[in-house]
Colleague: 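Next up is a structure, given as structure tokens.
Throughout, numbering of the chain's residues begins at 1 and tracks the sequence.
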Amino acid sequence: MKNFILALTLLFSAVTLAQTEVSDADLNKFADAYKAVQIENQEVQQEMVEMIKKEGLELSRFQTIQQASVNPNKEVEATQEEMDIYKKVITEIEKMQPELQKEMSDIITDNGLTLDRYQEIGAALQSDQALQQKLQTMMMKQQTKG
């Protein structure tokens, strides 16, 4: 019984620590940063699609090879040429990563949040439906204004 109470106490402590207070101002900043990050992500994804096509590989084929490369239980039959193109594209994407991360970080800080605070709010949103609803309402109001 003592172990059960201890476990229950630890569980409630963990839940309490996981709850992050998020002000309306911070949630507004998060909404702005999130939208800007999403737009940047879409642009980057479009660049990557163009890069894949330019190298001569169909996007669906690239995705099939990618899925197989990250899943040890999945095999894909690819020609040596397809694998060479795939590796070349992946290398280019990896080269882009540091700059992309900096751009995303800059977008977040330009919207008034630190990267840590942005991540805290993101984590809080995953576990708090009321906060999710508040964010959704806030974003819809912003969308109808703009």
Colleague: When Glu50 is tested against each of Met48, Gln46, Glu47 for side-chain contact (heavy atoms from CB on, under 4.5 Å), which residue passes?
Modeller: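 For Glu50, the side-chain contact (heavy atoms from CB on, under 4.5 Å) check succeeds only for Gln46.
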Colleague: Among the clusters formed by ILVMFWY side chains lying less than 4.5 Å apart, do Tyr34 and Ile39 turn up in the same one?
Modeller: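 In one cluster: no.
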Colleague: Any side-chain to backbone donor/acceptor pair from Ser105 onto Lys102? Under 3.5 Å, distance only.
Modeller: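 Checking the backbone N and O of Lys102 against the side chain of Ser105, no donor-acceptor pair under 3.5 Å is found.
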Colleague: Is the CD atom of Glu58 crowded by more than 12 outside heavy atoms at less than 6.0 Å?
Modeller: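 Counting other residues, nucleotides and ligands, CD of Glu58 stays at 12 neighbours or fewer.
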Colleague: Counting neighbours of OH on Tyr86 that are heavy atoms of other residues, nucleotides or ligands and sit closer than 6.0 Å, is the number greater than 12?
Modeller: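 It does: Tyr86 OH has more than 12 such atoms within range.
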Colleague: Per the ring-ring contact (aromatic ring centres under 6.0 Å, His included) rule, what does the pair list look like for residues 98-128, sequence neighbours excluded?
Modeller: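 Qualifying pairs: Phe30-Tyr118.
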Colleague: Please determine whether residues Met96 and Leu59 belong to a single hydrophobic cluster, defined as Ile, Leu, Val, Met, Phe, Trp and Tyr linked transitively by side-chain heavy-atom distances below 4.5 Å.
Modeller: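 Yes: a chain of side-chain contacts under 4.5 Å links Met96 to Leu59.
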Colleague: Applying side-chain contact (heavy atoms from CB on, under 4.5 Å) between Thr137 and each of Lys134, Lys141, Met139, report the one that passes.
Modeller: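 The residue from Lys134, Lys141, Met139 that satisfies side-chain contact (heavy atoms from CB on, under 4.5 Å) with Thr137 turns out to be Lys141.
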Colleague: Thr91: what forms a side-chain contact (heavy atoms from CB on, under 4.5 Å) with it, not counting sequence neighbours?
Modeller: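 Only Lys95 meet the side-chain contact (heavy atoms from CB on, under 4.5 Å) criterion with Thr91.
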Colleague: Side chains of Glu103 and Glu43: does their closest heavy-atom pair fall under 4.5 Å?
Modeller: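 A side-chain contact is absent here, since even the closest heavy-atom pair is not under 4.5 Å.
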Colleague: Restricting to side-chain contact (heavy atoms from CB on, under 4.5 Å), what partner residues turn up for Ala78, sequence neighbours left out?
Modeller: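 Partners of Ala78 under the side-chain contact (heavy atoms from CB on, under 4.5 Å) test: Arg61, Ile65, Glu82, Met83.
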Colleague: Is the count of non-hydrogen atoms from other residues, nucleotides or ligands lying under 6.0 Å from Glu81 atom CD greater than 12?
Modeller: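 For Glu81, atom CD is not crowded (no more than 12 foreign heavy atoms under 6.0 Å).
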